[in-house]
**Q** 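Let me give you the structure first, and then I'll get to my questions.
What you are looking at is a predicted structure, and each value in this text was computed from that prediction instead of being measured. In listed order, ligands and their atoms are each counted from 1.
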Amino acid sequence: GLQVSSQRMRNRRKEIACRGDIERLTHCFLSIYESLIPPDEEKEKQKQLLASLEKLVNKEWPRAQLFLYGSCANTFGVSNSDIDVCMTLDDDGTSKSDILLKLAEILESDNLQNVQALTRARVPIVKLMDPVTKISCDICINNVLALVNTKLLRDYAQIDVRLRQLAFIVKYWAKSRGVNETYHGTLSSYAYVLMCIHFLQSRRPAILPCLQGMKATYVVKIDNVDYGYFDKVEELRDFGAVNNESIGFLLWAFFDYWAYCHDYANDVISVRTAGIISKREKDWTRRIGNDRHLICIEDPFEVNHDLGRVVDKYSIKILREEFERAADVLQYDPNPSVKLFEPY
Ligand code: GTP
Ligand code: MG
């Protein structure tokens with residue numbers, strides 16, 4: 001069985017190399033990418049909303065600060081996304097729930113709409129909608145690691161533009177195909193971006209380096225643990241230039257990897273080490289509680305955290321079928337740039 005499937009893999013590689021219109025496809029995908037980039041006015045509006053919210057919360061908590069994180073700050077956000085905000089404030093022993101309830105009260109009395117405190121979520125937040133800009137926003141409290149992983153993603157994006165291009169297309173595909181919904185057991189956008197980074201780290205020659213494996217030029221201490229990595233990315237601008245793989249090819253190779261090459265039974269992908277770690281080594285071989293580890297994506301900083309933990313025995317099947325469909329569409333379909341994103 002194994003031999004047959006590796007023979008099949010080799011045949012597939014030959015065939016894609018023979019797909020004559022891969023450059024035309026690259027062209028199509030690049031124009032989709034361009035059309036998804038948010039305009040500068042939108043970024044401006046987000047910043048203004050952030051500033052006005054900060055002014056408002058400073059009346060109650062003078063030292064509090066608001067930061068954008070997630071896709072509006074990591075450069076992987078498309079137009080008209082909701083924004084993710086983290087409020088940092090000194091720990092005076094007040095529980096997060098109490099802070100969030102107070103925050104909701106303040107926002108409500110300032111005429112922000114759809115204000116809702118979700119105090120029991122895994123990451124407790126207050127949701128709101130600004131009636132002026134129509135921007136929806138989630139605010140969490142002191143989630144400093146999320147700010148650090150946002151910076152890591154943003155820094156990787158500056159090294160080689162193909163990361164941002166690949167991740168935009170993959171996120172767009174995942175949203176179109178309904179496999180970007182953690183509450184239905186499929187993967188978060190954050191997980192997809194990590195999959196793209198890992199994939200580009202493992203090309204030969206590599207398109208992305210391993211920032212956490214280099215001398216740390218940026219270090220933060222959170223709850224007495226140091227987190228750091230090399231962040232002088234302007235020095236790495238040419239890193240991937242020796243590899244000239246096009247975005248059309250890389251997109252196919254990404255889906256081909258997750259459809260036919262990834263070892264779901266044994267492997268964990270790790271951006272932290274730019275490699276594969278065995279499930280055994282991480283003790284992710286058994287189901288513990290709700291964590292089934294059916295697809296394993298190590299968080300770069302919270303190394304005990306598997307971003308695939310949301311995936312269950314039903315959704316893993318859906319995911320893998322979608323990876324196969326995407327790989328096959330890119331390889332054989334006469335019009336892949338339409339078929340790939342067909343609503344499910
Ligand atoms: P959009 O789909 O465009 O909103 O992308 P996003 O990057 O904002 O996605 P997402 O909601 O998946 O993640 C928001 C941020 O939460 C990430 O960028 C991370 O900084 C942080 N985060 C940390 N751990 C997790 C996790 O386990 N799951 C998710 N979803 N986010 C995490
Ligand atoms: Mg988001």
**Q** Would Y190 and N74 count as having a side-chain donor-acceptor pair, cut-off 3.5 Å?
**A**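 Side-chain D/A pair, Y190 to N74: absent.
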**Q** Are T119 and S97 linked by a side-chain donor-acceptor pair shorter than 3.5 Å?
**A**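 Their side chains do not contain a donor-acceptor pair, so the 3.5 Å distance test is not met.
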**Q** Does any N or O atom in K171 lie less than 3.5 angstrom from one in ligand 1, N or O only?
**A**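 Yes, K171 has an N/O under 3.5 Å of an N/O on ligand 1.
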**Q** Would atom 11 (O) of ligand 1 count as contacted, meaning some protein heavy atom under 4.0 Å?
**A** no
**Q** Does at least one non-hydrogen atom of R309 fall below 4.0 angstrom from an atom of ligand 1?
**A**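 True for this residue.
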**Q** Which residue and non-hydrogen atom of the protein lie closest to atom 20 (O) of ligand 1, and at what distance in Å?
**A**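 For atom 20 (O) of ligand 1, the nearest protein heavy atom comes out as N149 OD1, 2.3 Å.
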**Q** Report the part of D84 (side chain from C-beta onward, or backbone N, CA, C, O) that has a heavy atom under 4.0 Å from ligand 1; answer both or neither where that applies.
**A** side chain
**Q** Without swapping roles, check the side chain of R203 against the backbone of N243 for a donor-acceptor pair under 3.5 Å.
**A** no
**Q** If hydrophobic clusters are built from ILVMFWY residues whose side chains come within less than 4.5 Å, do L211 and I207 share one?
**A** yes
**Q** Assess, by modelled atom type and distance only, whether the side chains of Y227 and N149 contain a donor and an acceptor separated by less than 3.5 Å.
**A** no
**Q** So with a 6.0 Å cut-off around CG of N335, is the heavy-atom count from everything else above 12?
**A** yes
**Q** Under 6.0 Å between the ring centres of F255 and W173?
**A**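 When the ring centroids of F255 and W173 are compared, they turn out to be within the sub-6.0 Å range.
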**Q** Around atom 15 (C) of ligand 1, find the nearest protein heavy atom and jot down its residue, atom name and distance.
**A** Y69 CE1, 3.7 Å
**Q** Answer with yes or no whether the side chains of Q201 and Y156 bring together a donor and an acceptor at under 3.5 Å.
**A**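 Note: Y156 and Q201 side chains meet the donor-acceptor criterion.
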**Q** At under 4.0 Å between heavy atoms, which part of L153 makes contact with ligand 1: side chain, backbone, both or neither?
**A**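 Neither; no heavy atom under 4.0 Å.
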**Q** Write out the residue and atom name of the closest protein heavy atom to atom 30 (N) of ligand 1, then the distance separating them to 0.1 Å.
**A**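 The closest one turns out to be S188 CB, 3.3 Å.
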**Q** Number the atoms of ligand 1 from 1 as they appear, then name those within less than 4.0 Å of a heavy atom of T150, with their elements.
**A**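 In order of number, 20 (O).
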**Q** Residue-level breakdown please: for L147 versus ligand 1, do any non-hydrogen atoms fall below 4.0 Å on the side chain, on the backbone, on both, or on neither?
**A** neither
**Q** Around atom 9 (O) of ligand 1, find the nearest protein heavy atom and jot down its residue, atom name and distance.
**A** S189 CB, 3.5 Å
**Q** Ignoring hydrogens, what is the shortest heavy-atom contact between G70 and T150? Give both atom names and the distance.
**A** N-OG1, 3.1 Å
**Q** Looking only at protein heavy atoms, identify the closest one to atom 7 (O) of ligand 1 and say how far it is in Å.
**A**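 That would be S71 N, 3.2 Å.
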**Q** Quick check on contacts: which atoms of ligand 1 are under 4.0 angstrom from a heavy atom of L307?
**A**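 Those qualifying, in numeric order: 26 (C), 27 (O).
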**Q** Which atoms from ligand 1 have a heavy atom of H305 less than 4.0 Å away?
**A**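 Taking each heavy atom of H305 in turn, ligand 1 has 27 (O) under 4.0 Å.
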**Q** In this structure, is the centre-to-centre distance between the rings of Y218 and Y229 below 6.0 Å?
**A**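 Y229 vs Y218: aromatic centres under 6.0 Å.
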**Q** Which bit of R122 is near ligand 1, meaning a heavy atom under 4.0 Å away: side chain, backbone, both or neither?
**A** side chain
**Q** Who are the ring pair (Phe, Tyr, Trp, His ring centres under 6.0 Å) partners of Y172, not counting sequence neighbours?
**A** F341
**Q** Could you go through the salt bridge (charged side-chain N to carboxylate O under 4.0 Å, His left out) check for D291 and R287 one step at a time?
**A** CA-CA 6 Å; D291 289 13; R287 172 174 173 178; over 6 Å; no
**Q** Under a 4.0 angstrom heavy-atom cut-off, which atoms of ligand 1 come close to N74?
**A**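 Close to N74: 7 (O), 18 (O).
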**Q** Could you list the residues that satisfy ring pair (Phe, Tyr, Trp, His ring centres under 6.0 Å) with Y69, not counting sequence neighbours?
**A**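 Result, ring pair (Phe, Tyr, Trp, His ring centres under 6.0 Å) vs Y69: none returned.
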**Q** Using 30° and 60° as the class boundaries, would you call the ring planes of H262 and W258 parallel, tilted or perpendicular?
**A** tilted
**Q** Are more than 12 heavy atoms from other residues, nucleotides or ligands located less than 6.0 Å from atom NZ of K317?
**A**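 No, because the 6.0 Å sphere around NZ of K317 holds 12 heavy atoms or fewer from other groups.
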**Q** Tell me whether F76 reaches ligand 1 (any heavy atom closer than 4.0 angstrom to a ligand atom).
**A** no
**Q** Any idea which atoms of ligand 1 are less than 4.0 Å away from a heavy-atom of G70?
**A**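 Counting atoms of ligand 1 from 1, those under 4.0 Å from G70 are 7 (O), 8 (O), 14 (C), 15 (C), 18 (O).
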**Q** Is there any N or O on Y190 that sits under 3.5 Å from an N or O of ligand 1?
**A**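 By distance alone, the answer is yes.
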**Q** Tell me the protein N, O or S atoms under 2.8 Å from the Mg ion (ligand 2), in chain and number order.
**A** D84 OD2
**Q** Can you run down the side chain to side chain donor-acceptor pair (under 3.5 Å) pairs that involve residues 275-284, sequence neighbours left out, and say none if there aren't any?
**A**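 Sorted result for residues 275-284: K282-E298, D283-R286.
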**Q** For the 3.5 Å polar cut-off, considering only N or O atoms, please tell me whether E302 and ligand 1 meet it.
**A**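 No.
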